[in-house]
Number of protein chains: 2
Amino acid sequence: MSVRISGETVPVTIGAMESSSTTPGGSSRREATRQKLYEAAVTLIAEQGFSATTVDEIAERAGVAKGTVYYNFASKSVLFEELLRHGVGLLTASLREAAERTAREGGTRVDALDAMIRAGLVFIDRYPAFTQLYVAELWRTNRAWQSTLMVVRQEAVAVVEGVLREGIEGGEFSDEIDVPLTAAALVGMVLVAALDWQSFQPERSLDDVHSALSRLLQGRVSGRP
Amino acid sequence: MSVRISGETVPVTIGAMESSSTTPGGSSRREATRQKLYEAAVTLIAEQGFSATTVDEIAERAGVAKGTVYYNFASKSVLFEELLRHGVGLLTASLREAAERTAREGGTRVDALDAMIRAGLVFIDRYPAFTQLYVAELWRTNRAWQSTLMVVRQEAVAVVEGVLREGIEGGEFSDEIDVPLTAAALVGMVLVAALDWQSFQPERSLDDVHSALSRLLQGRVSGRP
DNA sequence: GTTTTTGCACTGACCAGTCAGTTCAATTTG
DNA sequence: CAAATTGAACTGACTGGTCAGTGCAAAAAC
């Protein structure tokens, strides 16, 4: 069964619903297979892009039969969409944890931003392929998973925005800063610096990158150290 | 072959002209067709990605037959590669111009960076689709045009790095800043803030975005205005 | 005995690239 | 001038190949 919505034919899961996309519990065997498929898909799609990556390739790299892919995911797009949700979920949790830990330990909001920068770098260092793929898809229009991306992006950016707002309320930040734009700029700063680090100077340490970004955050670029 | 007219040596398009891919002169008809193809390709690829965009679509949107695409470009990849070169060339020229203008008018290096931020924003505002597509491809590995991208990226980033280095030499910037990383971070800041502006709050003015980024650059986030 | 996976043949849509033929503006010829 | 010629530019039907998704019987795992 399917329904036409704005020119796209969208499948409607009625009845059944077995495990559903959000994959809450499920048998651990199934979950392990899904995990293998995520891992295979993420690197292939990061390298080649979504359309250029075939389901056969994904199955082969995961060491699984093609039929298994379709047993676990309704389609190639759905696999990808769930992969996105999964990955950004990890990032958001990590950012939130960094902000909360800083607050708990009595740090300032600048400390919190700094901790989030580090958390972002650690994430990118650990999941470079995912980051790459996410950046490549985020600003595209007219794609099936567009709305998923927007929701998921907002979750992550909202964490940064939250810290900025708290800082303004507490008088730590100027109340003239533009919260959404500044948050986006900070995210971009970390994202692009980290991707460049990975791609073009992988020999640098995470601490190097972190301190360069800290300095920029704290306006210690112009003037003496 | 060439002809002298009023002291100038003017090339005359006679016969063959093979043309070659770099398209220096070429007949104006041909050049116009190429331009139409660039414009059609840039928006389609930005929306859908390279692999998901068909040559038929590009031809149709350009109002041209499919054969014409192959008459003008050796392949779909070559069309794309030349498009990349073309676009980044425009950006680099614009950044360089901003830096030079500031220097000529006696501005500081911070002024130069600020002018380059603005130039970047103006560029992205004018060519959002190109920017989007560039970001989506830049960090991919294993693609045919990988080397083109690296060269072309370095040209643009080098302009920023140049200004940073001059600022360090002149004592205006701390000599502890990490030039390549800071340049990448600055580019990322502008890129992501601008793309987010375009995608998620297009009603904001360029000046709004510019002043938010200026503030961040000058470390006026924490503390009073 | 139920769930999950396998292996593999098959289909129908789609698409990059080709090529024989057409158009047309500029040039040459009578 | 007009007719004939030239060749670059363009056309679009066609081809060979690829790939998402299907169907299913048998095996494996739990």
Side-chain angles (χ1 to χ4, degrees), chain A residues 1-2 8-11 13 16-20 23-38 40-41 44-45 48-81 83 143-145, chain B residues 1 3 11-21 23-37 40-41 44-45 48-81 83 143-145:
Chain A
M1 184 188 187
S2 58
E8 283 258 322
T9 305
V10 177
T13 311
M17 203 53 193
E18 332 98 324
S19 79
S20 88
T23 62
S27 84
S28 73
R29 187 144 99 94
R30 220 179 154 169
E31 206 43 52
T33 305
R34 279 169 178 255
Q35 192 61 39
K36 277 193 292 181
L37 285 170
Y38 283 154
L44 284 168
I45 297 178
Q48 307 176 321
F50 175 80
S51 305
T53 302
T54 69
V55 175
D56 289 281
E57 277 178 313
I58 296 172
E60 190 190 347
R61 183 169 299 193
V64 138
K66 187 180 183 177
T68 306
V69 177
Y70 284 94
Y71 183 77
N72 283 281
F73 298 95
S75 68
K76 185 185 171 189
S77 303
V78 168
L79 162 57
F80 182 57
E81 216 166 317
L83 174 60
R143 301 226 82 169
W145 49 81
Chain B
M1 185 189 189
V3 178
V12 169
T13 311
I14 204 162
M17 199 54 196
E18 339 86 325
S19 91
S20 84
S21 50
T23 65
S27 84
S28 71
R29 184 142 103 99
R30 211 178 161 170
E31 206 43 51
T33 304
R34 278 168 178 256
Q35 192 62 39
K36 277 194 292 182
L37 285 170
L44 285 167
I45 297 178
Q48 307 177 319
F50 175 80
S51 304
T53 301
T54 67
V55 174
D56 288 279
E57 278 177 312
I58 295 173
E60 190 190 347
R61 182 167 301 190
V64 136
K66 188 178 188 176
T68 305
V69 176
Y70 286 93
Y71 182 76
N72 283 283
F73 298 95
S75 68
K76 186 185 169 187
S77 303
V78 168
L79 162 57
F80 183 57
E81 216 166 318
L83 175 59
R143 301 225 83 169
W145 48 81

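Note on naming: letters A, B, ... go to the chains in the order of the sequence lines (proteins, then strands), and numbering restarts at 1 for each one. The basis for the numbers below is simple: all heavy atoms, side chains too, and nothing from hydrogens, waters or symmetry mates. What you see is a predicted model; the values in this text were computed from it and never measured.
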How many Å lie between [atom1] on [X] and [atom2] on [N], as a whole number?
| X | N | atom1 | atom2 | answer |
| --- | --- | --- | --- | --- |
| B/L37 | D/dT11 | CG | C1' | 14 Å |
| B/Q35 | D/dA9 | CD | C1' | 18 Å |
| A/D56 | C/dA9 | CG | P | 13 Å |
| A/E31 | D/dC30 | CD | P | 15 Å |
| B/Y71 | C/dA20 | OH | P | 16 Å |
| B/K76 | D/dG17 | NZ | P | 19 Å |
| A/F73 | C/dT5 | CZ | C1' | 14 Å |
| A/I58 | D/dA20 | CD1 | C1' | 11 Å |

With a non-hydrogen cut-off below 4.0 angstrom, is [X] in contact with a base, only sugar-phosphate, or nothing?
| X | answer |
| --- | --- |
| B/T53 | sugar-phosphate |
| B/V69 | nothing |
| B/S77 | nothing |

Which listed nucleotide ([options]) is nearest to the side chain of [X]?
| X | options | answer |
| --- | --- | --- |
| A/R29 | D/dT11, C/dT3, D/dC19 | C/dT3 |
| A/R30 | C/dT4, C/dA16, C/dT6 | C/dT4 |
| A/N72 | C/dT5, D/dT11, C/dA16 | C/dT5 |
| B/T54 | C/dG17, C/dT6, C/dA16 | C/dA16 |
| B/Y70 | C/dT18, C/dT4, D/dC10 | C/dT18 |

Checklist entry - Can you check whether A/I58 reaches A/L79 side chain to side chain, under 4.5 Å on heavy atoms? => result yes

Checklist outcome for this item: Of B/A65 and A/G67, the one whose nearest nucleotide on DNA chain D sits closer to the 5' end is B/A65

Checklist entry - Is any side-chain N or O of B/T68 closer than 4.0 Å to OP1 or OP2 of D/dA9? => result no

Checklist entry - Should B/S75 be listed as having a side-chain N or O under 4.0 Å from OP1 or OP2 of C/dA16? => result no

Next on the checklist: What's the separation between atom NZ in A/K66 and atom OG1 in A/T68, rounded to the nearest 0.5 Å?
Outcome noted: 12.0 Å

Checklist entry - CD of A/E81 to OG of A/S75: how many Å apart, nearest 0.5 Å? => result 8.0 Å

Item to check | Ring geometry between B/F80 and B/F50 (parallel below 30°, tilted from 30 to 60°, perpendicular above 60°) | outcome: tilted

Checklist entry - Which atom pair, heavy atoms only, marks the closest approach of A/K36 to A/G63? => result NZ-O, 4.5 Å

Checklist entry - Is any side-chain N or O of A/K66 under 3.5 Å from a base N or O of D/dG21, one able to act as donor and the other as acceptor? => result yes

